[in-house]
Amino acid sequence: MGYDPNVEGGARVNVVVTGLGAVTSLGNDLAGTWAGLVEGRCGIRPITLFDASKFRTQLAAEVRELPDGLPPRLRRRLSRSDVMGLAAAREALADSGLDLAREDPRRIGVVLGGGVSGLLDSENYLEACLKNGPRFVKPSMVLNHPPDQTTDRIAEMWGFLGPRSTITTACSSSATSLGYAADLIRHGLCDIVVTGGADSFARLTHGGFNALRSVDPEPCRPFDRRRKGLTIGEAAGILVFEEEGRARRRGAPIRARFLGYGVTSDAHHMTQPEPSGEACARTMRACLADARLDPADVDYVNAHGTATPQNDAAETASIKRALGARATEIPISSIKSMLGHCLCSAGAIEAVATVRTVETGIVPPTIHWEERDPDCDLDVTPNEAREVRVDAALSNSFAFGGNSTVVAFGRFV
Amino acid sequence: MTATPGPFITGVGVITALGRGLAATREALAAGRSAIAPVTEPGPRKHASPAARIGPFTTEPEMARSKARRLDLGSQYAIVAAHQCLLDAGYPLAGREERTGILLGTGSAGAGPLTEFERQMAAESPESASPFLFPNTVANAPASQTALELKLKGPNVTVIQKDPAALNAMLYARMMLADGRADALLVGAADEWNLLYHEGYERILATRSAGRCGHALGEGAGLVLVESAASVAARGARPYARLAGVGYRGSPVSPHRRRGKPEEFVEAMRGALGAEAPRVGLVHLSANGTTWMDDAEQAALRALFGDSPPRQVNVKEQIGENPFAGGVQLALAAVALREEPSLGAVLVNGFGAGGNFASVLLTAAAPA
């Protein structure tokens with residue numbers, strides 16, 4: 001593969017979604033996860049992965065039982081993130097109907113978002129080191145920490161030889177990865193890209209938001225007046241992106257279009273959102289421009305909706321600034337109320353849900369919502385899913401460091 | 001298909017264990033000095049390996065020390081290198097903040113705050129862990145802290161990809177600039193050395209030790225300003241070099257395995273050379289002391305260039321390995337092309353663990 005800047009331009013290449021896979025606290029596959037989201041089920045439960053008694057909250061949206069189906073010798077070496085990522089990738093590839101034996105592996109890329117990755121194993125290593133000294137601890141436990149592990153594992157398992165990358169921009173990581181993946185197709189470097197992300201639970205993230213006082217002791221309540229903060233979750237969400245023409249020629253089951261994305265930096269504060277909402281509105285406008293959409297075309301926004309007091313108010317302001325009058329006419333919702341904040345895989349799993357919304361016209365609800373907040377006065381689809389025609393939808397992802405990414409999906413007709 | 005004259009590198013910024021800035025680093029490189037030295041911290045060092053460490057570092061005069069106090073080292077290196085880079089490019093940032101972004105690679109950013117936060121949680125209690133540490137445990141800290149410090153409001157992305165992360169960032173930057181997502185991007189990588197990570201590498205036998213080959217870890221930052229042709233023309237900037245191509249070849253091996261075949265490396269380099277395939281006058285080697293990988297790179301260069309291979313330079317024996325080294329190599333390659341346009345083109349190779357093989361081609365900015 002090579003990128004030659006002398007051959008570019010010409011007609012724009014369209015990117016479509018031909019496969020989806022999911023592993024979440026609501027189910028170890030797409031069907032289970034989507035059914036849970038539509039029914040408004042909550043995946044947040046008491047933490048089982050470590051002793052959480054000393055933290056402000058003992059709740060998280062853990063994946064209950066890791067998916068199996070991997071050879072035991074390989075399984076032993078993988079982190080939770082790897083196992084979840086490989087399972088979601090397997091489902092997404094099967095869903096796409098691709099016959100990999102007939103594809104050129106050099107034209108298949110892998111771009112994921114990641115960050116926490118196998119940190120839980122490293123934490124167990126550190127804890128054992130502190131307790132018993134390093135001599136008695138297996139060093140292989142730290143090997144799974146780099147966030148690009150899952151990316152490499154997917155390429156290894158299916159023998160993909162095309163461009164690979166792992167994006168780490170905290171909570172927007174896997175949303176940004178979708179943009180990079182689409183660019184590889186638009187620029188002619190790949191025919192197919194396996195994209196999305198997998199990120200699992202760890203003490204660091206739970207303890208980090210604990211230290212920042214931004215966790216809710218109860219399950220999180222996005223956009224509700226009494227919201228106190230987020231609940232951490234874990235998930236894998238994988239999407240198969242393909243160039244439209246070849247997907248049509250092979251009769252692929254096309255689920256939706258990837259219309260475009262915007263990625264910007266708000267340069268405001270490492271952890272606080274820019275309160276006027278202008279910074280994230282700029283990201284939304286960049287996405288609309290890339291996707292060639294007008295605000296009036298947008299039928300639904302899958303909100304970042306972390307349930308921190310600051311995010312939800314600033315995000316509401318951003319949506320109003322970017323979409324104008326349209327903001328008050330359409331539903332938005334935060335599936336973090338059900339799946340928790342899956343951090344570096346949040347953008348991916350929310351993209352998976354957004355694709356399903358575009359496909360089915362079903363908007364998943366924001367659960368645990370009871371009291372209206374005047375600062376969050378948009379239609380947040382409280383507690384019950386709704387059917388609406390959705391031709392185009394946005395999914396917002398905002399992160400530590402002011403790393404904001406917004407992606408757009410469109411109905412395939 | 002329209003021919004476009006690719007983006008240009010108009011500025012460089014470099015922080016290495018050999019020197020704070022391009023001039024000091026180049027002087028030490030030319031003198032043949034190596035910063036790789038034994039790591040003397042106490043510990044159960046069964047496979048003790050050396051490293052190229054920066055030691056005491058000040059962010060002044062670029063940034064006040066009081067501001068730097070809360071930053072991880074990777075962020076400090078990145079911010080100083082970014083200041084140097086914009087100054088070197090003569091890039092007038094004021095009024096262009098929304099059109100200017102940053103795209104960094106890293107392998108170890110956030111390691112310091114991360115290990116300290118984990119230690120506080122495990123050894124003390126979750127309630128006593130410092131909230132000031134957590135925001136810098138994320139690997140995107142260097143890029144994001146730089147964006148905050150310089151008020152960059154364009155794209156801000158961090159990529160992770162073992163050794164060639166900076167070259168991977170270059171691939172993404174090229175697409176972003178072609179699509180008009182920004183007019184200029186700071187591209188490169190930043191890393192910090194961390195004892196716990198160092199011991200991890202020692203224990204998996206990736207780093208060199210007595211009687212064993214491997215790489216020596218390093219730290220620092222290497223950034224270049226990559227600017228669109230239109231932006232360069234509009235402000236009459238004098239570029240160092242043109243970003244002519246990026247090649248990538250994956251190999252399906254497990255993530256920490258350092259294995260690669262010469263023909264795979266050839267494919268990555270051919271990808272960078274593209275249809276243009278200019279004469280290459282210099283190669284910045286991927287070689288880092290992992291002998292079978294270094295040998296495969298030599299075999300690949302012979303296969304590609306035959307009996308008259310281009311001049312080769314290996315800076316990792318002087319500044320250490322980690323993604324930042326790729327950023328430093330990009331900066332050095334760009335500068336070499338301005339000083340010696342007769343080189344024609346320079347290849348920068350990064351053939352890393354996990355079957356991630358990348359190569360970047362820079363050419364002289366004006367026809368030699």
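Residue numbering restarts at 1 for every chain, and letters A, B, ... go by the order of the sequence lines. Quantities reported herein were computed from a predicted structural model and do not represent experimental measurements.
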A.B. asks: Between the main-chain N or O of A:Glu278 and the side-chain N or O of A:Glu274, is there a donor-acceptor pair closer than 3.5 Å?
C.D. replies: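 A pair under 3.5 Å: yes.
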A.B. asks: What part of B:Tyr197 lies closer than 4.5 angstrom to a heavy atom of chain A: side chain, backbone, both or neither?
C.D. replies: side chain
A.B. asks: Give the intermediate values and the outcome of side-chain hydrogen bond (donor to acceptor under 3.5 Å, both in side chains) for residues A:Ser172 and A:Thr169.
C.D. replies: CA-CA 6 Å; A:Ser172 63; A:Thr169 53; 2.9 Å; yes
A.B. asks: Do B:Arg181 and A:Tyr261 form a cation-pi contact, if we require the NZ or CZ to be under 6.0 Å from the six-membered ring centre and within 45 degrees of the ring's axis?
C.D. replies: yes
A.B. asks: What do the steps show when you test B:Ser49 against B:His198 for side-chain hydrogen bond (donor to acceptor under 3.5 Å, both in side chains), and what is the final call?
C.D. replies: CA-CA 8 Å; B:Ser49 64; B:His198 184 86; 3.2 Å; yes
A.B. asks: Looking at A:Ala289, A:Ser265, A:Ala170, A:Gly115, which one has more heavy-atom pairs under 4.5 Å with chain B than the rest?
C.D. replies: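 Among the listed options, the one with the most contacts to chain B is A:Ser265.
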A.B. asks: Please classify the contact of A:His268 with chain B as side chain, backbone, both or neither, using a heavy-atom distance under 4.5 Å.
C.D. replies: backbone
A.B. asks: How about A:Asn124 and A:Arg203: does a side-chain donor come under 3.5 Å of a side-chain acceptor?
C.D. replies: yes
A.B. asks: If I measure from the heavy atoms of chain A, does B:Met176 come under 4.5 Å with its side chain, its backbone, both, or neither?
C.D. replies: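 Interface part for B:Met176: side chain.
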A.B. asks: With distance as the sole test, does A:Thr168 use its side chain to make a donor-acceptor pair with the main-chain N or O of A:Gly114 at under 3.5 Å?
C.D. replies: yes
A.B. asks: So for A:Thr271, is it side chain, backbone, both, or neither that comes closer than 4.5 Å to the heavy atoms of chain B?
C.D. replies: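 The answer is the side chain of A:Thr271.
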A.B. asks: Considering only heavy atoms and a distance below 4.5 Å, find which of B:Asn156, B:Leu196, B:Asp179 pairs most often with chain A.
C.D. replies: B:Asn156
A.B. asks: Given a strict heavy-atom distance threshold of 4.5 Å, which part of A:Asp183 is in contact with chain B: side chain, backbone, both, or neither?
C.D. replies: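 Looking at A:Asp183, backbone and side chain both touch chain B.
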A.B. asks: Does a side chain donor of either A:Asp82 or A:Thr150 reach within less than 3.5 Å of an acceptor in the other side chain?
C.D. replies: yes
A.B. asks: Identify which part of B:Leu152 has an atom lying under 4.5 Å from any heavy atom of chain A, answering side chain, backbone, both or neither.
C.D. replies: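 Answer is backbone: N, CA, C or O of B:Leu152 sit under 4.5 Å from chain A.
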A.B. asks: In terms of heavy-atom proximity below 4.5 Å to chain B, should A:Leu119 be classed as side chain, backbone, both, or neither?
C.D. replies: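 Side chain only.
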A.B. asks: Which residues satisfy the ring-ring contact (aromatic ring centres under 6.0 Å, His included) test with A:Tyr180, sequence neighbours excluded?
C.D. replies: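 Once residues adjacent in sequence are excluded, the partners of A:Tyr180 under the ring-ring contact (aromatic ring centres under 6.0 Å, His included) criterion are B:Tyr172.
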A.B. asks: Pick from B:Ala139, B:Gly355, B:Ser125: which one has the most heavy-atom pairs with chain A under 4.5 Å?
C.D. replies: B:Gly355
A.B. asks: We want to know whether A:Asp121 and A:Ser79 form a side-chain donor-acceptor pair, criterion being a heavy-atom distance below 3.5 angstrom.
C.D. replies: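 The criterion, which ignores hydrogens and geometry beyond distance, is not satisfied for A:Ser79 and A:Asp121.
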A.B. asks: Between B:Glu98, B:Gln161, B:Lys151, B:Glu118, which shows the greatest number of heavy-atom pairs under 4.5 Å with chain A?
C.D. replies: B:Glu118
A.B. asks: Any chance the side chains of B:Asn136 and B:Arg70 put a donor and an acceptor closer than 3.5 Å?
C.D. replies: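 No.
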A.B. asks: Between B:Leu150, B:Ile102, B:Val253, B:Leu361, which has the largest tally of heavy atom pairs under 4.5 Å with chain A?
C.D. replies: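 Going by pairs under 4.5 Å, I would pick B:Val253.
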A.B. asks: Counting heavy-atom pairs closer than 4.5 Å to chain A, which one of B:Ala141, B:Ser254, B:Ala123 comes out on top?
C.D. replies: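 The answer is B:Ser254.
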A.B. asks: Among residues 397-405 of chain A, which ones touch chain B with a heavy-atom distance under 4.5 Å?
C.D. replies: A:Phe400, A:Gly401, A:Asn403
A.B. asks: Looking only at heavy atoms and a cut-off of under 4.5 Å, which of B:Gly101, B:Gly105, B:Gly107, B:Pro131 has the most pairs with chain A?
C.D. replies: B:Pro131
A.B. asks: Can you tell me which portion of A:Ala155 sits under 4.5 Å from chain B's heavy atoms? Options are side chain, backbone, both or neither.
C.D. replies: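 Backbone only.
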A.B. asks: Taking the six-membered ring of B:Phe357, is the NZ or CZ of B:Arg249 close enough (under 6.0 Å from the centre) and on axis enough (within 45°)?
C.D. replies: no
A.B. asks: Side chain, backbone, both or neither: which part of B:Val159 has a heavy atom under 4.5 Å from chain A?
C.D. replies: both
A.B. asks: At their closest point, which heavy atom of B:Tyr248 faces which heavy atom of A:Gly162, and how far apart are they?
C.D. replies: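 Residues B:Tyr248 and A:Gly162, closest heavy atoms: CE2-O, 3.1 Å.
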A.B. asks: I'd like to know which of A:Thr151, A:Leu184, A:Thr283 tops the heavy-atom pair count under 4.5 Å against chain B.
C.D. replies: A:Leu184
